[in-house]
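Treat the numbers as computed from the prediction; the structure is a model and nothing was measured. Chain naming here is simple, since letters A, B, ... match the order of the sequence lines and numbering starts at 1 in each.
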Number of protein chains: 2
Amino acid sequence: MSRDTGGGGSTSAARSRLLTTATRIFYAEGIHSVGVDRIIAEAQVTRATLYRHFTGKEELVLAYLGQADLGIRAQVEAARAGEESAAGQVRAVARSIADGIRSPGFRGCAFLNAVAEYPDPAHPVHRAVLAHRQWFLDTVTELLARIGDAPADGDGRHVVMLRDGAMAAGCLFDPELVCETFLGGVEDVVRSREA
Amino acid sequence: MSRDTGGGGSTSAARSRLLTTATRIFYAEGIHSVGVDRIIAEAQVTRATLYRHFTGKEELVLAYLGQADLGIRAQVEAARAGEESAAGQVRAVARSIADGIRSPGFRGCAFLNAVAEYPDPAHPVHRAVLAHRQWFLDTVTELLARIGDAPADGDGRHVVMLRDGAMAAGCLFDPELVCETFLGGVEDVVRSREA
DNA sequence: ACAGAAAGAGACCGAACGTTCTCCCTCATC
DNA sequence: GATGAGGGAGAACGTTCGGTCTCTTTCTGT
């Protein structure tokens with residue numbers, strides 16, 4: 001069961017369990033404070049299996065962030081798919097971010113949390129965070145540029161700054177109020193471009 | 001030298017060196033990833049001395065955050081002292097935050113970084129972060145309330161959200177652009193209340 | 001001069017860390 | 001039926017972790 005279907009796949013039941021478990025625990029409890037023993041125990045996998053699929057803990061962390069990156073890209077695409085106008089798409093993305101903040105188990109931004117544990121700019125984990133953030137900034141800026149004629153760089157940074165603040169505060173203040181403030185702030189930016 | 005001056009003081013050269021070193025290293029590299037060996041080595045203090053002044057690493061972490069809290073309160077007071085009007089004080093506080101972000105060695109908000117490593121809301125470190133944040137939110141909201149007549153709760157949260165986003169992004173994007181966006185956002189809020 | 005606290009020096013503890021290893025079993029494919 | 005990869009089980013590696021211990025030196029206030 002669960003055998004590769006021939007191609008150069010990297011799928012297996014054990015690997016998938018490993019990645020799912022690592023994602024859950026790393027996001028909920030942090031990275032440095034969780035040992036590989038915890039992960040292999042909860043993934044019901046042996047130590048040897050972990051090191052057969054990953055070169056070490058670091059590669060598992062990178063896979064975790066890759067997983068998170070895919071999730072967020074899918075979330076953004078899903079939000080955009082429901083709207084035609086650029087303004088509608090920005091609002092939809094903001095709403096989907098707010099939905100995440102309100103969800104049970106929300107623990108802030110996986111990337112901001114990870115980078116707090118990897119301050120060294122040369123570290124692969126740090127670089128993965130930077131890459132994800134650059135993609136998000138570019139995506140938002142490009143979307144805003146389609147609303148009105150004004151340059152969108154500043155507004156893009158503004159929206160991302162609100163997002164970062166909302167993600168950071170979402171599990172430290174009342175999530176409901178945080179979402180209200182965030183959505184209001186994004187709405188101001190969108191409206192200022194629509195005018 | 002460096003003897004207590006009689007009262008129930010908690011000052012000593014070794015303790016001070018310990019706290020200064022811990023603050024520097026914890027802020028620059030994170031908490032879980034640095035061991036007490038690093039700290040006592042760089043503080044030029046023996047292991048026994050650490051445990052004579054602190055019950056353990058956790059108390060050292062709490063002392064580090066206490067240090068950071070005092071620093072920020074002093075920074076806010078200094079900024080406010082130079083301005084008379086409430087609006088001027090808010091602008092001054094924002095400028096002083098921006099100055100911090102532009103400073104060399106800026107590694108984000110010590111409290112946001114710490115809470116990323118201590119997600120458990122019941123943990124003393126997590127609670128210390130919440131307490132600091134509540135003070136800051138209250139301070140900003142109270143200041144904004146003195147500008148105009150509109151309720152200031154929402155605007156206070158808005159400014160804190162911009163600050164959180166700016167502090168998070170300040171060491172991940174170009175600090176100069178981050179500060180520009182941050183100061184612009186705060187200015188918008190202040191002006192909307194002055195009108 | 002003397003008592004006593006602060007600090008240095010360093011051995012030591014058990015536990016957890018990430019990692020590597022061997023041995024055996026299962027099972028799809030040729 | 002033989003082959004060989006994937007996985008389970010678990011011992012073991014050396015290192016580092018946070019924390020405790022004893023012993024000695026230094027220096028202050030009385």
Side-chain angles (χ1 to χ4, degrees), chain A residues 1-23 25-26 28-65 114 117-118 120 123-125, chain B residues 1-23 25-26 28-65 114 117-118 120 123-125:
Chain A
M1 89 177 61
S2 79
R3 191 59 195 288
D4 273 14
T5 49
S10 59
T11 317
S12 85
R15 186 188 204 276
S16 159
R17 243 179 299 144
L18 225 21
L19 192 45
T20 301
T21 306
T23 296
I25 302 185
F26 282 153
E29 305 184 26
I31 298 172
H32 288 318
S33 59
V34 177
V36 295
D37 291 11
R38 257 294 289 296
I39 295 171
I40 64 176
E42 296 201 20
Q44 299 190 94
V45 158
T46 60
R47 211 177 238 76
T49 303
L50 195 172
Y51 289 96
R52 209 173 284 124
H53 288 286
F54 303 92
T55 61
K57 185 185 180 181
E58 180 179 312
E59 196 172 286
L60 189 59
V61 173
L62 288 170
Y64 150 57
L65 290 181
E117 299 201 55
Y118 292 88
D120 179 5
H123 196 286
V125 171
Chain B
M1 86 174 67
S2 81
R3 190 58 199 287
D4 274 13
T5 49
S10 57
T11 317
S12 84
R15 191 194 143 93
S16 161
R17 242 180 301 145
L18 224 21
L19 192 45
T20 300
T21 306
T23 295
I25 303 185
F26 282 153
E29 305 185 25
I31 298 173
H32 288 319
S33 59
V34 310
V36 295
D37 291 11
R38 257 295 290 295
I39 295 171
I40 64 176
E42 297 202 20
Q44 300 190 94
V45 156
T46 58
R47 205 170 204 71
T49 303
L50 195 172
Y51 289 98
R52 210 173 284 125
H53 288 286
F54 303 92
T55 62
K57 185 184 180 182
E58 181 179 309
E59 196 172 286
L60 190 58
V61 174
L62 288 170
Y64 150 56
L65 290 181
E117 299 200 55
Y118 291 89
D120 178 6
H123 195 286
V125 171

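- Per the geometry, CD1 belonging to A:I40 stands 13 Å off C1' belonging to C:dA16, to the nearest Å.
- Nucleic acid contact class of A:Q44 (heavy atoms, under 4.0 Å, all strands): sugar-phosphate only.
- At least one donor-acceptor pair under 3.5 Å links the side chain of B:E117 to the backbone N or O of B:H32.
- Along DNA chain C, the nucleotide nearest to A:A48 and the one nearest to B:A48 differ in position, and the one closer to the 5' end is contacted by B:A48.
- When the C1' atom of C:dT19 is taken as reference, atom CZ of A:R47 falls 8 Å away, rounded to whole Å.
- Between B:E58 atom CD and D:dC17 atom P there is a gap of 18 Å when expressed in whole angstrom units.
- In this structure, A:R15 places its CZ atom 19 Å from C1' of D:dG8, rounding to the nearest Å.
- Heavy-atom minimum distance, B:Q44 versus B:R17: O-NH1, 2.8 Å.
- In this structure, B:E59 atom CD and D:dG19 atom P are separated by 10 Å, rounded to whole Å.
- Residue A:Y51 places no side-chain N or O under 4.0 Å from the OP1 or OP2 atom of C:dT20.
- Whole-Å rounding puts the A:L50 CG to C:dC17 C1' distance at 14 Å.
- Distances shorter than 4.0 Å separate none of the side-chain N or O atoms of B:H53 from OP1 or OP2 on C:dA6.
- Backbone-only contact: B:R17 has heavy atoms under 4.0 Å from sugar-phosphate atoms and none from a base.
- Candidate nucleotides C:dG8, C:dT19, D:dG8 were compared by shortest atom distance to the side chain of A:V36, and C:dT19 ranks first.
- Counting to the nearest Å, the C1' atom of C:dC23 and the CZ atom of A:R52 are 12 Å from each other.
- Here the NE2 atom belonging to B:H123 is positioned 7.5 Å from the CG atom belonging to B:L62, to the nearest 0.5 angstrom.
- Taken from CG in A:L60 to CG in A:L19, the straight-line distance is 7.0 Å, to the nearest 0.5 Å.
- OP1 or OP2 of D:dG7 has at least one side-chain nitrogen or oxygen of A:S12 nearer than 4.0 Å.
- In this model, the phosphate group of D:dG8 is approached by a side-chain N or O of A:T49 to a distance below 4.0 Å at OP1 or OP2.
- Between the P atom of C:dG18 and the CD1 atom of A:I31 lies a distance of 12 Å, rounded to the nearest Å.
- Taking for each of A:D37 and A:T55 the nucleotide of DNA chain C with the nearest heavy atom, the 5'-most of the two is the partner of A:D37.
- When the side-chain nitrogen and oxygen atoms of B:H32 are compared with OP1 and OP2 of D:dC17, none of them lie within a distance under 4.0 Å.
- Nearest heavy-atom pair, B:I40 versus B:D37, reported as atom, atom and distance to 0.1 Å: CG1-O, 3.3 Å.
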